[in-house]
Amino acid sequence: MASELDTLHRVVTPENIDLQAECAGPVSRCLAYLIDLGVRSALLLLLALAPLFLDGAGFGLLLLGWFLLDWFYPVLFEVLKDGQTPGKRALGLRVVHMDLSPVGWNASLVRNLLRTVDFLPAAHLLALLSMCLTLRFQRLGDLAAGTLVIYRGGVPPAVPLPDVGARPLPVALDRDESVAVISFTRRSLQLSEERKRELVAILEPATPAGVSDPVQYWQGVGLGLMGES
Amino acid sequence: MDLDSLAIGARRRSGWSAIDLGFTLTRQWWRPLFLSWLIPAAAVCICLHLVLWNYPEWAILLTWWLKPLFDRFPLWIASRRLFGERPGVAACLRQWRAICATDALPWLLWRRLNPMRSLVMPVTLLEGLRGRRREARLGVLQRESSGCALWLTVIGVHLETLLPAAVIFTGVLLLPNEVDIDAWALLSGDVGGLTYLFNALTLLIMALVAPFYVCAGFTLYINRRIELEGWDIEVSFRSLAARLRALGGVTASGLLAVALLLPAPVRAAQEVAADAQAQYARQQIETVLEGDSFHQTTTVTRWRYKYAAEETQSAPIPEWFIGLVEWFENIWPDWQLAADTDLSALLAWLLRALVVAVLVALLLLLALRYRRTLLDWAGLEKPAPARTAAPQRLFGMAVTPQSLPVDVPAQVMAQWRGGDQRGAVSLLYRATLTQLLHRCGIPFTPDLTETECVALVQACKRPELGDCLDQVTRGWMRLAYGHIDPGEAWLQEQCARWQGLFADE
């Protein structure tokens with residue numbers, strides 16, 4: 001099973017806690033970048049009105065704003081807003097260190113200063129190539145700073161659950177197996193009736209003898225695992 | 001469909017993550033996917049150039065229009081490799097008739113510009129559905145992923161347009177200044193032969209982008225199926241069933257029976273006992289955490305000037321401040337605004353002041369952040385840690401001056417000669433600690449070990465004290481823990497030294 005292809009990045013802490021995150025690839029990151037570009041351009045356009053009213057002072061204001069927006073817009077958002085610029089927030093992305101800790105000033109500055117290199121020769125071609133070629137979709141700035149863009153996992157939304165009454169576990173289950181049983185219960189409205197019977201038939205060695213409706217039985221086990229009644 | 005040989009991790013993903021998985025697959029199977037697209041496309045493109053020899057622009061446009069046909073080859077390979085087969089390029093190309101025949105006309109006519117092509121094509125090609133059933137199936141599949149498929153197409157189109165431009169731009173960048181080329185003629189394609197070069201470049205870029213596009217659409221489609229058919233559940237259930245079978249029929253049923261037949265009251269009693277233990281442990285932990293070992297309360301008493309606030313108000317401006325203002329006037333002579341300045345000049349002044357303020361604030365912030373390092377550089381000593389109340393007991397021995405006999409050395413020797421060797425050496429050790437604590441002000445705390453006490457004394461400015469405690473401690477630890485007799489001569493020597501150090505006052 002180790003050779004399964006996936007986009008996961010795994011980190012095991014010294015306390016033997018297995019952390020994993022989904023690396024984000026070029027398409028979602030391109031879109032996030034475009035949103036950020038839009039926000040930045042709008043702000044700059046507002047600033048560009050300043051010279052019309054304020055002559056020299058306005059022009060100074062424009063240059064200062066341009067400088068700040070160009071170099072510090074991503075850095076400030078990434079460090080102060082939990083690794084998310086507005087574009088990344090919209091796409092559910094987040095910048096973290098390779099060990100999955102929140103990104104700090106050093107790493108954020110390095111990865112954003114190197115955007116200049118990633119842009120070369122035109123239209124972020126190097127960044128794109130680098131993202132397609134590296135295992136964790138890192139552009140050159142990410143490689144230099146030791147950072148990673150991941151999807152921010154959220155809490156799954158509440159779904160209507162089958163009303164069958166919770167049951168105790170028939171056998172001890174490990175973590176993945178418990179998750180699968182819970183998932184079976186949560187998705188019972190989505191799966192077709194035949195498919196549900198097919199899935200439960202696999203569990204035949206674990207189903208106690210004398211259960212009349214195995215589908216309802218395993219849904220009940222899932223409810224029990226979730227702490228429902 | 002055999003999920004045991006599935007090449008990807010079976011789990012639920014968001015649409016974006018499914019696209020990324022498609023990119024991972026493309027990277028993994030790059031050669032067959034790329035070649036299976038490029039070989040047919042290049043063959044067709046060359047034929048078109050031969051037929052339309054006078055209109056190379058039309059030839060490349062037609063090649064572009066035929067892309068849905070070429071996309072089927074990488075899709076065919078990816079769909080088989082996903083389930084563990086390893087078909088190569090040759091095997092794929094041998095099937096070209098079957099691959100091209102299915103549902104070709106709609107894709108080349110009214111579905112050519114469908115923005116969801118990458119997601120929809122697997123449905124018609126791999127499932128072979130038609131008509132109303134196809135529509136119903138698409139409705140279910142597209143409910144969640146159509147947005148992602150749409151954006152995938154948008155990004156893909158832009159890439160295909162931008163990449164040739166980027167490559168050409170790179171070439172122009174790398175040309176030396178001495179070479180004078182007519183960029184406009186190059187772009188408008190008037191130069192003979194360059195059109196063919198440009199067409200070749202376009203075809204190559206299309207071949208580079210297509211496998212990513214096709215695979216990403218394919219994984220979007222697979223992702224919806226994983227979700228709708230519970231592939232992840234099936235894989236986990238299968239491994240669970242296999243695990244139970246591996247346990248062996250007898251053991252498994254035995255375990256099952258035990259788990260099911262264990263009477264409820266027994267289980268309840270076990271749980272109650274475990275609960276009570278946990279509660280007791282929690283209480284213990286809280287008691288220890290509330291105790292003195294984890295807290296240190298200090299009372300600090302000092303004098304403070306009562307009228308400090310009034311004093312500063314009437315105080316003259318300090319010298320350094322005047323100096324600072326003068327320096328400031330030097331670097332910014334016209335900082336004072338004239339009375340008749342207009343609005344924009346005022347704003348410019350404010351902006352400049354703001355920049356200066358930000359700069360000064362940054363410097364101050366840096367100084368504050370690195371104040372420890374700066375003080376170290378300046379050679380200033382760190383403030384001494386606050387004194388705490390002297391402890392009453394160390395190592396379980398009383399260390400107050402009241403607890404000592406009047407003439408310590410005499411008492412020590414008397415006990416030694418009376419046969420109480422441990423009592424004698426411990427009294428000497430206790431007396432040394434007490435004197436160091438109360439007369440020399442060494443800040444012993446109850447958490448220190450014997451050797452840490454020695455190190456603390458050796459760190460202070462009087463080496464003879466450290467030496468004394470070192471000797472006594474060694475002797476005491478040898479006797480107490482190692483049962484090694486230090487000898488009367490050693491004890492007499494220590495007593496004499498103690499007398500010299502502490503007893504004269």
Side-chain angles (χ1 to χ4, degrees), chain A residues 1 3-8 22-28 30-31 53-58 60-61 64 91-93 120-125 128 131-133 135 137 151 168-174 176-177 179-181 183-184 187 190-192 195-196 198-200 202-206 208, chain B residues 6-14 16-17 19-28 148 151-152 155 158-159 162-163 165-167 169-170 173 212 216 227-230 232-241 243-245 252 255-256 259-260 343-352 355:
Chain A
M1 283 293 192
S3 60
E4 276 178 353
L5 295 171
D6 215 329
T7 53
L8 288 179
E22 285 183 304
C23 306
V27 174
S28 46
C30 271
L31 289 174
F53 303 105
L54 307 169
D55 301 339
L61 203 67
L64 269 178
L91 269 290
L93 304 178
L120 289 174
H124 285 96
L125 186 64
L128 208 69
M131 274 196 267
C132 287
L133 293 178
L135 191 61
F137 306 116
Y151 289 102
L169 276 175
V171 284
L173 300 180
D174 69 15
D176 287 346
E177 292 158 1
V179 168
V181 173
S183 196
F184 177 70
R187 277 146 78 181
Q190 226 172 32
L191 299 166
S192 64
R195 184 64 185 154
K196 271 187 268 192
E198 251 176 61
L199 288 174
V200 166
I202 302 170
L203 284 182
E204 197 264 314
Chain B
L6 196 64
I8 56 171
R11 59 188 182 85
R12 299 167 82 194
R13 296 175 175 82
S14 68
W16 302 119
S17 190
I19 291 180
D20 300 338
L21 180 69
F23 279 55
T24 304
L25 294 190
T26 317
R27 193 167 51 214
Q28 191 70 23
C148 295
W151 283 112
L152 175 67
I155 296 275
H158 279 84
L159 270 185
L162 280 176
L163 278 181
V167 172
F169 183 67
T170 315
L173 268 185
F212 285 103
E227 168 113 24
L228 290 174
E229 297 168 20
D232 51 334
I233 300 177
E234 177 173 339
V235 169
S236 287
F237 279 10
R238 274 183 195 284
S239 80
L240 167 62
R243 185 169 68 89
L244 288 182
R245 264 189 224 107
L255 278 178
L256 210 65
L260 286 175
L343 185 67
S344 81
L346 178 72
L347 271 170
W349 184 90
L350 277 178
L351 207 61
R352 197 169 171 184
V355 172

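Quick note: numbers below take in every heavy atom, side chains included, and nothing from hydrogens, waters or symmetry partners. Just so we're on the same page: letters track the sequence lines, and every chain starts at 1.
Contact of A/V181 with chain B is made through backbone and side chain together, with heavy-atom distances under 4.5 Å. For a residue to count as touching a neighbouring chain, one of its non-hydrogen atoms must lie under 4.5 Å from one of that chain's; by this rule B/I19 touches chain A with the side chain only. Of the two parts of B/L159, only the side chain, counted from C-beta on, holds a non-hydrogen atom closer than 4.5 Å to a non-hydrogen atom of chain A. For B/L347, the parts sitting under 4.5 Å from any heavy atom of chain A are the backbone and the side chain alike. Within the 4.5 angstrom heavy-atom criterion, atoms from both the backbone and the side chain of B/I8 approach chain A. Of the atoms belonging to B/F169, it is side-chain heavy atoms, and not backbone ones, that fall under 4.5 Å from chain A. For a residue to count as touching a neighbouring chain, one of its non-hydrogen atoms must lie under 4.5 Å from one of that chain's; by this rule B/I155 touches chain A with the side chain only.
Between B/R11 and A/E22, at least one side-chain nitrogen of the basic residue sits less than 4.0 Å from a carboxylate oxygen of the acidic one, meeting the salt-bridge criterion. For the pair B/R243 and A/E177, the salt-bridge criterion is met [side-chain N within less than 4.0 Å of a carboxylate O]. Using a 4.0 Å cut-off between charged nitrogen and carboxylate oxygen, A/R195 and B/E234 count as a salt-bridge pair.
Because its NZ or CZ atom is both nearer than 6.0 Å to the ring centre of A/F137 and within 45° of the ring axis, B/R27 counts as a cation-pi partner of that residue.
Side-chain contact between A/L191 and B/I233 is present, with heavy atoms from C-beta onward closer than 4.5 Å.
Here the side chain of B/R238 pairs no donor or acceptor atom with the backbone of A/I202 at under 3.5 angstrom.
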